[in-house]
Amino acid sequence: MCGIVGCIGNRSVTPIIVESLKRLEYRGYDSAGIATLNGAEIDITKTEGKIADLENILSLTNTACVGIGHTRWATHGIPSSTNAHPHADCSGSFAVVHNGIIENFQALKDELTSKGHIFSSETDTEVLAHLCEDCYNGDLESAVREALLRVEGSYAIAVISDNEPDVIVAARKDSPLIVGLGDGENFLASDIPAIRKYTNKVMYINDGEIVRLTRDNVTVSTLQGVNVERLVTIVDGSVQDAERGGYEHFMLKEIHEQPKALRDTMEDRLCELEGSIDFKELRPFEDEIKNIEGITIIACGTSYHAGILGKYALEDLLRIPVKVEYSSEFRYNNFLSGNRSLAICISQSGETADTLAAMNEAKAQGYLTLAITNVVGSTITRKADEILLTKSGMEIGVAATKTFTAQILTLYMLGIYVARLKKLIDVETSRHIITSMKSVPGLIESLLDNISDIEKASSRICEADCCYFIGRGLSYPIALEGALKMKEISYIKAEGFPAGELKHGPLALITAGTPVIAIVPKGKTYYKTLGNIKEVKARNAFVIAIANASDDEIVKYVDSVIKIPDIDELFSPMLAAVVLQLLAYYAAKDIGAEIDQPRNLAKSVTVE
Ligand code: F6R
């Protein structure tokens with residue numbers, strides 16, 4: 001949450017910072033600001049609202065060549081221009097942008113106030129500006145270092161000072177920070193896409209490190225003052241990834257990118273003939289993986305829903321217990337030793353604070369940790385024992401779509417991989433699964449070619465003030481995900497239930513006309529779910545079924561049917577997920593909601 005950027009060069013930095021902030025806006029968008037330094041003094045412009053609002057009030061004649069910027073997702077203090085970053089000290093000599101939470105800010109604030117510092121915002125961040133002022137003794141880097149040694153919590157910060165007009169100092173602990181290297185100019189940002197337009201050369205900054213940027217030089221050192229040699233990484237990924245490419249919203253573009261994301265995630269990994277999965281990256285761990293006796297999947301939100309599907313598939317293939325835990329719960333639970341256990345930590349961003357902390361806990365308990373993530377170089381990739389990348393390309397819409405189906409695919413591939421290692425399935429069986437797996441992208445393409453039933457169903461849902469999603473077995477996590485997508489972008493109240501649980505309480509919510517979306521592909525639980533559909537129909541619910549193309553029976557029991565192509569039961573959740581993403585998308589569009597940036601949410605939750 002929150003995005004920070006900085007730039008020091010020989011040209012006006014204002015347009016660069018604005019452009020970079022736009023690419024970070026998915027991290028938070030309730031207020032934004034920028035501080036520039038023109039050699040003599042700091043100029044701060046900030047406002048409540050989005051980057052576009054900031055852009056409207058920025059001076060076009062600002063020629064300053066040094067600056068920092070921020071897009072905020074409020075934690076301490078309401079969204080307002082006063083609480084927006086950058087924050088300054090009493091004299092206006094220091095400006096700070098910050099992503100994270102300073103946990104001991106109140107104690108520091110009290111101390112600084114008693115020394116005569118005057119605070120103007122309700123934020124935790126402002127203490128950093130006053131601390132820098134307090135610690136400054138002729139060297140900005142030393143002042144930042146000294147200030148940070150007094151701070152508890154998480155941060156990625158950037159600081160400028162009119163005392164040293166040709167320097168930006170930045171630092172990180174538990175919040176992401178990268179540096180971009182240009183020609184006579186250097187950049188910093190919360191993530192690579194923010195500055196990808198300006199350079200493809202990056203340095204990853206680690207926890208506990210401070211970085212000093214001038215136009216021509218970047219130095220990295222630890223908080224304790226030990227110099228660090230940092231390699232430069234050349235990144236790929238095109239600038240176009242961050243464009244809408246003719247689609248009205250990033251979310252719609254990303255839904256349509258799913259066939260490619262899945263093909264890329266499978267590429268070079270599926271060996272159909274041998275009936276095996278080639279995860280080269282896991283080879284060094286084969287012996288350990290072979291001996292795994294239990295698995296815990298740890299994730300938040302949509303990644304958690306992928307985790308539930310992973311549990312069902314992994315238990316089926318591996319015949320060992322698989323638990324799924326919310327990261328925020330796992331990290332505070334009294335869990336058992338992770339001896340001979342694998343912790344699979346799923347995070348598309350690789351930066352979710354709760355998942356990172358839970359992974360650290362799991363490691364400390366002796367689990368072997370495996371991260372599934374979409375972001376190369378993200379914090380999780382540098383902390384996990386093993387990494388499996390989904391190759392979905394950059395996801396900008398706040399609602400996860402293509403990364404979700406790629407996570408499911410990766411968990412399935414992992415299941416086959418481990419099952420073959422443990423010799424639990426034969427070549428024939430895994431070959432059969434792989435053949436179906438390979439057909440998924442093409443089937444999603446055909447589904448995306450005909451969406452009129454989905455649009456119709458979404459307008460029906462928009463007429464109601466709530467809706468419910470039901471499913472059993474593999475369709476249950478998809479019901480949860482369908483409800484999450486619906487509520488997060490359309491703001492329609494939506495809940496997902498295991499269909500069999502309806503009669504244990506939720507049935508009381510059903511009244512005449514209530515939309516119930518039943519995910520009911522052919523498979524083990526088909527007739528059981530049909531029974532649950534009858535239960536809600538008996539209460540006059542309006543039932544929309546997501547069913548297989550060859551299912552001619554379902555139409556007798558429901559009000560509306562959205563068909564998905566026929567495929568092995570294991571893979572129908574991936575097809576149903578695409579339908580539910582579109583259902584939420586069109587409902588949000590009907591309502592006129594801000595689809596790519598839903599209220600109160602941010603894409604990457606980097607605070608606890
Ligand atoms: C919902 C959504 C969130 C994320 C959750 C975890 O559409 O995107 O629920 O899934 O914040 O994020 P990652 O996967 O980045 O750890």
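What you see below is based on every heavy atom in this structure, not just the backbone, and it leaves out hydrogens, waters and symmetry mates. In what follows, residues are counted from 1 in the order of the sequence shown. Remember, it's 1-based here, ligands and their atoms both numbered in the order they're listed.
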_Nearest neighbour in protein (non-hydrogen) for atom 2 (C) of ligand 1_ = Thr302 OG1, 3.7 Å
_Donor-acceptor under 3.5 Å (Thr373 side chain, Ser347 main chain)_ = yes
_Under a 3.5 Å threshold, yes or no: a donor from one side chain and an acceptor from the other, between Thr390 and Asn374?_
yes
*Look at atom 15 (O) of ligand 1 and say which protein heavy atom is nearest, naming residue and atom and giving the distance to 0.1 Å.*
Ser349 OG, 2.6 Å
*If you measure from each non-hydrogen atom of Val398 to ligand 1, which part falls under 4.0 Å: side chain, backbone, both or neither?*
backbone
*State the atoms of ligand 1, each with its element, that fall below the 4.0 Å cut-off from a heavy-atom position in Ala399.*
7 (O)
_Non-neighbouring partners of Tyr247 that pass ring-ring contact (aromatic ring centres under 6.0 Å, His included), sequence neighbours left out_ = His256
_Test your reading of the structure: does Thr355 have an N or O sitting under 3.5 Å from an N or O of ligand 1?_
no
_Residue Lys485 vicinity, atoms of ligand 1 by number, heavy atom under 4.0 Å_ = 1 (C), 7 (O)
*asked:* Which residue and atom name correspond to the protein heavy atom nearest atom 11 (O) of ligand 1, and how close is it?
replied: Val605 CG2, 4.1 Å
*At a 4.0 Å threshold, what atoms of ligand 1 neighbour a non-hydrogen atom of Gly301?*
9 (O), 10 (O)
*With sequence neighbours excluded, tell me which residues meet salt bridge (Lys or Arg N to Asp or Glu O under 4.0 Å) with Glu281.*
Arg269
_Whether the Thr401 and Gln581 side chains hold a donor-acceptor pair (N or O, under 3.5 Å, no angle test) is what I'd like checked._
no
*May I ask you to check if ligand 1 and Gln407 share an N or O to N or O distance below 3.5 Å?*
no
_So Glu248 and Arg244, do their side chains get closer than 4.5 Å, heavy atoms only?_
no
*Would one find more than 12 heavy atoms of other residues, nucleotides or ligands at under 6.0 Å from atom NZ of Lys487?*
yes
_For Glu488, atoms of ligand 1 separated by under 4.0 Å from a heavy atom_ = 1 (C), 7 (O)
*Using only heavy-atom distances, determine whether the side chains of Thr302 and Glu481 contain a donor-acceptor pair under 3.5 Å.*
yes
_Nearest neighbour of atom 5 (C) of ligand 1 from the list Ser303, Ala400, Cys300, on a heavy-atom basis_ = Cys300
_Identity and distance of the protein heavy atom lying nearest atom 13 (P) of ligand 1_ = Thr352 OG1, 3.2 Å
